[in-house]
There are 2 protein chains.
Amino acid sequence: MHALGTHLLVDLKDCQNDGLNDIQFVQEAMLSAARDAQATIVDFKFHEFSPFGISGVVVIAESHLAIHTWPEYKYAAVDVFTCGDTLQPEVAAIALAKAFASRNPSIHEVKRGIIGIDNIHRPHKSED
Amino acid sequence: MHALGTHLLVDLKDCQNDGLNDIQFVQEAMLSAARDAQATIVDFKFHEFSPFGISGVVVIAESHLAIHTWPEYKYAAVDVFTCGDTLQPEVAAIALAKAFASRNPSIHEVKRGIIGIDNIHRPHKSED
């Protein structure tokens, strides 16, 4: 079975790290997690909300990472979407669970774009 | 039951519109879909891959939209992640299915950040 993308839906509950409301901390944790997973970072954008909450996305050559934090609930919703065979998206997920000291993390893996039941696929997504 | 976010995983298969490989078309379709859903666009980033494929994210005040296209498979993976009660994420999903003329769209809705079984929640995510 060939899926074009692997998408991890990562829910980080009961986060003990106040960095959840620190845009610099969140950004560095996300970029570090992307690097840990061997991703090629293309661009990123983080935004701080009032009174609290950070949203951020990291565009990688292999798809994207996204995060939304709710510090008032000690919760962050993370997505790690990758394509290709070289990345290990779970490495990024685990790195973020550790960074925010989540006492109750969960990961759901979704295969996106199941094209066929054979393993033939064309090359794709080489960087410019 | 109170969920902090609603996340639509939208798979657009058998897309009949060649715009899937046109960065300007993809960007405009995504921004238009965000506006259709009454989202407040904060920022966006789109990237074109070689030999083909577009990735893009739209950061909205209410979370994000993301897209990855595989023109060679006539496929796009779309995510519409929203928080709050005012947006209609399915409006964005349907707008994108139409924009790319998908003959085989599917939508999976995931509730992210289920905090409690009551309906009490604090205000969050007002724009700066």
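Order of the sequence lines sets the chain letters (A, B, ...), proteins ahead of strands, with each chain counted from 1.
Interface remark: A/His7 contributes side-chain atoms only to the contact with chain B (heavy atom separation under 4.5 Å). Both the backbone and the side chain of A/Ala77 come within contact range of chain B, each with at least one heavy atom under 4.5 Å from a heavy atom of that chain. In this structure, chain A has no heavy atom under 4.5 Å from any part of B/Val58. Of the two parts of A/Phe44, neither the backbone nor the side chain holds a non-hydrogen atom closer than 4.5 Å to a non-hydrogen atom of chain B. Contact of A/Ile67 with chain B is not made at all, since no heavy-atom distance falls under 4.5 Å.
Each of B/Glu48, B/His68, B/Lys45 was scored for a side chain to side chain donor-acceptor pair (under 3.5 Å) with B/Ser55, with one residue passing: B/His68. The one candidate from B/Leu12, B/Asp11, B/Thr69 that meets the side-chain contact (heavy atoms from CB on, under 4.5 Å) condition with B/Tyr75 is B/Asp11.
Hydrophobic clustering (ILVMFWY, side-chain heavy atoms < 4.5 Å, transitive): B/Leu20 and B/Ile94 are in distinct clusters.
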Only distances under 3.5 Å count here; give the side-chain donor-acceptor pairs of residues 95-104 of chain A to other protein atoms, sequence neighbours excluded, each with its distance to 0.1 Å.
from	atom 1	to	atom 2	distance (Å)
A/Ser102	OG	A/Lys13	N	3.4
A/Ser102	OG	A/Lys13	O	2.7
A/Ser102	OG	A/Asn104	N	3.2

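Contact tally against chain A (heavy-atom pairs below 4.5 Å) for B/Leu9, B/Asp43, B/Val110: the top residue is B/Leu9.
To the nearest 0.5 Å, atom OG1 of residue A/Thr82 and atom CD of residue A/Gln38 are 12.5 Å apart.
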